[in-house]
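Remember, it's 1-based here, ligands and their atoms both numbered in the order they're listed. For the single chain, residues carry numbers from 1 onward in sequence order.
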Amino acid sequence: MCGIVGYVGNKQAGPILLDGLGKLEYRGYDSAGIAVINNGEFSIAKAKGKLQELIDKTDGGKALPGTIGIGHTRWATHGEPSEDNAHPHISMRETVVGVHNGIIENYVELRTKLERHGFRFYSQTDTEIAINLVEYYLDKYQLGPLHAVTHAMLRIRGSYALAIMFKCDPERIYLARKDSPMIIGVKEGETYIASDVPAIIKYVNDVYYIGNEECAVAEATGVKFYNIDMEEIHNDLVHVDMDPTAAAKGGYRHFMMKEIMEQPKAVTDTLNSVLRDGIIDLTSIGLSPEELRAIDKVYIAACGSAWHVGMASQYVIEDLAGVEARVELASEMRYRNFPFSPNSLLVVISQSGETADTLAALRKAKACGVKTVAVVNVLGSSIAREADHPFYTVAGPEISVATTKAYSAQLIAMYCLALNLAAAKGKLSEDQYKGYIAEIQSIPSKIEDIFKKKQALQRLANRNANASDVFFIGRGIDYAVGLEGSLKLKEISYIHSEAYAAGELKHGTISLIEQNTLVVGILSQPELIEKTVSNIVEVKARGATVLGIDMSGEENVKKNVDNLVSVPSIDPHFAASLLVIPLQIFAYYVAVTKGLDVDKPRNLAKSVTVE
Ligand code: G6P
């Protein structure tokens with residue numbers, strides 16, 4: 001999830017590159033860099049941290065004179081955030097410079113090959129390997145940059161958007177693309193390159209989209225496209241009308257909606273990161289079948305939405321694997337004399353990897369000799385570094401304070417853990433195991449189906465935007481989802497809401513139900529539907545208006561709720577992944593209706609690094 005820009009024309013490239021990177025910072029924010037060619041020589045500047053560091057370091061780009069250049073803002077995948085790992089990367093003989101977005105899966109194999117030919121590397125990135133591979137083919141075949149790029153494309157497995165400059169051809173930028181986005185904007189005497197339109201819309205409205213496994217050669221006077229066999233091909237110029245201020249949100253009004261819509265991809269990418277030949281392989285996370293077999297108790301510690309993921313997954317772990325699972329608020333666990341059992345596993349869950357309480361709980365467990373795994377989104381974060389093993393979710397940078405796609409990715413990581421624990425404990429036949437994986441694989445398309453209900457949810461949100469109290473009720477996993485639905489609503493809409501285990505209502509909370517109080521009933525767990533319906537009937541008898549989020553399709557549910565949102569059905573263990581989607585969209589539209597700052601709710605921060 002990195003951002004790429006490029007420029008070749010008659011203006012100074014540096015300031016244009018930095019401006020474009022500013023619009024792409026949402027794609028990555030751990031380091032940035034630019035490279036410019038001046039009098040046939042490369043000058044490169046990189047800085048760790050926010051883009052502002054690079055802007056300061058290069059005097060807004062002016063310190064690197066030249067009218068052709070490339071830039072990059074990074075969200076670390078291979079190698080921690082550092083200046084060495086930041087792009088652009090330069091080849092060993094300093095004849096090729098490039099930036100890359102994507103993941104090169106066979107980089108270890110390519111690295112070994114290049115090492116055999118005497119190549120040495122200064123970074124831990126897959127990108128540096130790709131750039132040196134291009135240099136290797138350039139030298140070996142002496143057939144020019146386009147040949148070297150296409151030849152490298154044949155050898156690279158994975159995804160890439162590459163923008164490459166050659167010392168031997170200082171007037172052009174070479175581009176290659178597979179499964180990672182890249183566009184080229186053109187106007188009289190200037191060509192702009194970017195990962196997406198917002199980065200360059202301020203300068204150009206006419207853009208080319210490079211097709212998959214195609215390459216392009218950009219120069220000031222225009223661009224030519226080639227297939228992998230170096231045959232020139234035609235691509236259509238597309239006129240784009242976009243409000244330049246929509247920039248970094250990729251056309252969405254708020255990051256939150258953009259991130260909601262990215263959930264199918266976050267789920268797919270997280271699952272695929274551990275799926276090998278149809279089997280979940282957690283060996284690299286320190287959870288080989290033997291290691292899992294030895295675990296007799298799972299503790300989960302986290303904060304906020306990550307804790308809600310823990311809540312949902314404890315049911316899944318206990319039900320599938322028959323292993324006791326206990327979720328704790330990290331802020332509580334850190335100060336308790338916790339009697340960790342010797343063969344236990346602590347899983348901490350954190351998007352940012354920097355939440356102070358979660359980090360403290362992790363340290364406490366480690367000090368007690370407990371094996372630890374961190375389900376974490378940000379590469380190289382404190383929690384990722386300190387846990388015995390990070391299990392990275394692949395949600396990409398999440399910017400909206402209210403988490404959505406990271407929550408969904410965390411659920412997937414926990415399902416994988418639960419499944420492999422169950423398999424290691426001999427609780428699943430091979431068919432059952434594969435069946436569950438197939439169910440998880442069905443989540444992204446089912447989330448897409450729920451997106452079709454956006455308008456209906458918006459109408460429901462409009463109608464309920466003036467609510468002063470909302471209650472979410474459910475049992476088991478449905479209760480865990482209610483906790484998340486309630487948090488989403490309260491944090492961005494400032495409406496008081498509470499999630500209650502439906503069976504607990506009668507112990508006090510039901511006294512708060514008045515005429516027209518909104519109650520959201522969540523219904524997915526077959527053996528609990530009837531029970532929750534009884535609770536719905538009870539609140540309705542006291543005047544509540546009930547919105548049902550239902551997976552059962554049962555008549556009994558339909559006739560007892562005032563409004564119904566049906567979600568596609570899935571194995572009940574994985575229901576949280578679908579039930580949460582309408583609740584996120586509902587909360588979003590309530591906040592929008594109230595005219596609130598959806599992405600930056602009052603008093604909150606994305607990453608809570610103090611107690
Ligand atoms: C903040 C965020 C929440 C998040 C929680 C834990 O409160 O607003 O969205 O769930 O912190 O953060 P973490 O980065 O550890 O997942």
Side-chain angles (χ1 to χ4, degrees), residues 29-30 75-76 254-260 262-263 266 270 299-313 327-334 346-365 372-387 390-414 480-494 497 499 576 580-581 583-584 587-588 591 596-611:
Y29 40 76
D30 64 43
W75 193 80
H254 300 103
F255 282 112
M256 183 174 173
M257 183 48 84
K258 174 176 169 286
E259 289 162 3
I260 286 173
E262 284 171 349
Q263 290 181 105
T270 301
Y299 299 98
I300 306 167
C303 300
S305 297
W307 179 69
H308 299 156
V309 170
M311 277 294 283
S313 35
V327 64
E328 290 294 324
L329 289 164
S331 53
E332 290 291 314
M333 183 188 258
R334 68 180 291 184
L346 173 79
V347 183
V348 292
I349 309 174
S350 175
Q351 188 284 130
S352 63
E354 301 296 345
T355 302
D357 288 325
T358 311
L359 185 57
L362 169 71
R363 287 176 178 160
K364 176 161 195 159
T372 59
V373 165
V375 172
V376 61
N377 198 41
V378 176
L379 201 103
S381 54
S382 305
I383 289 173
R385 283 200 312 269
E386 291 196 27
F391 182 169
Y392 283 111
T393 48
V394 193
E398 192 178 62
I399 293 166
S400 177
V401 166
T403 182
T404 51
K405 62 176 179 170
Y407 169 93
S408 285
Q410 288 162 353
L411 277 177
I412 300 300
M414 295 304 287
V481 177
L483 287 165
E484 179 60 6
S486 169
L487 179 63
K488 283 286 92 68
L489 183 68
K490 78 172 73 150
E491 68 182 335
I492 61 171
S493 76
Y494 314 148
S497 72
V580 76
I581 308 294
L583 299 180
Q584 295 168 343
Y588 171 82
L596 299 171
D597 187 346
V598 176
D599 287 333
K600 295 197 200 81
R602 69 184 179 206
N603 307 338
L604 297 179
K606 181 78 186 151
S607 175
V608 182
T609 54
V610 290
E611 274 191 67

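When only interatomic distances are considered, the shortest N/O to N/O separation between G353 and ligand 1 does not fall below 3.5 Å. In terms of N/O distances under 3.5 Å, ligand 1 is not approached by E491. Where the criterion is an N or O separation shorter than 3.5 Å, residue side chain and backbone included, S352 meets it with respect to ligand 1.
Among K488, E491, Q351, the one residue that satisfies the side-chain hydrogen bond (donor to acceptor under 3.5 Å, both in side chains) test with S305 is K488.
Every atom of ligand 1 with a heavy atom of S305 under 4.0 Å away is listed here by number and element: 10 (O). Of all atoms in ligand 1, numbered sequentially from 1 with element shown, those under 4.0 Å from a heavy atom of A306 are 10 (O), 16 (O). With ligand atoms numbered from 1 in the order given, ligand 1 contributes 6 (C), 12 (O), 13 (P), 14 (O), 15 (O) to contacts under 4.0 Å with heavy atoms of T355. Remark: ligand 1 atoms within the under-4.0 Å shell around heavy atoms of Q351 are 13 (P), 14 (O), 15 (O), 16 (O). The distance from ligand 1 to the heavy atoms of T403 drops below 4.0 Å at these ligand atoms: 9 (O).
Residues passing the salt bridge (Lys or Arg N to Asp or Glu O under 4.0 Å) test with E332, sequence neighbours excluded: none.
Checked by atom type, the side-chain pair Q263/Q584 shows a donor-acceptor distance below 3.5 Å.
Between A591 and I492, the shortest heavy-atom distance links the atoms CB-O, 3.3 Å. What you find for S497 and L489 is that their closest heavy atoms are CB-CD2, 4.2 Å.
When ring centroids are compared, H254 and Y588 come within the 6.0 Å threshold.
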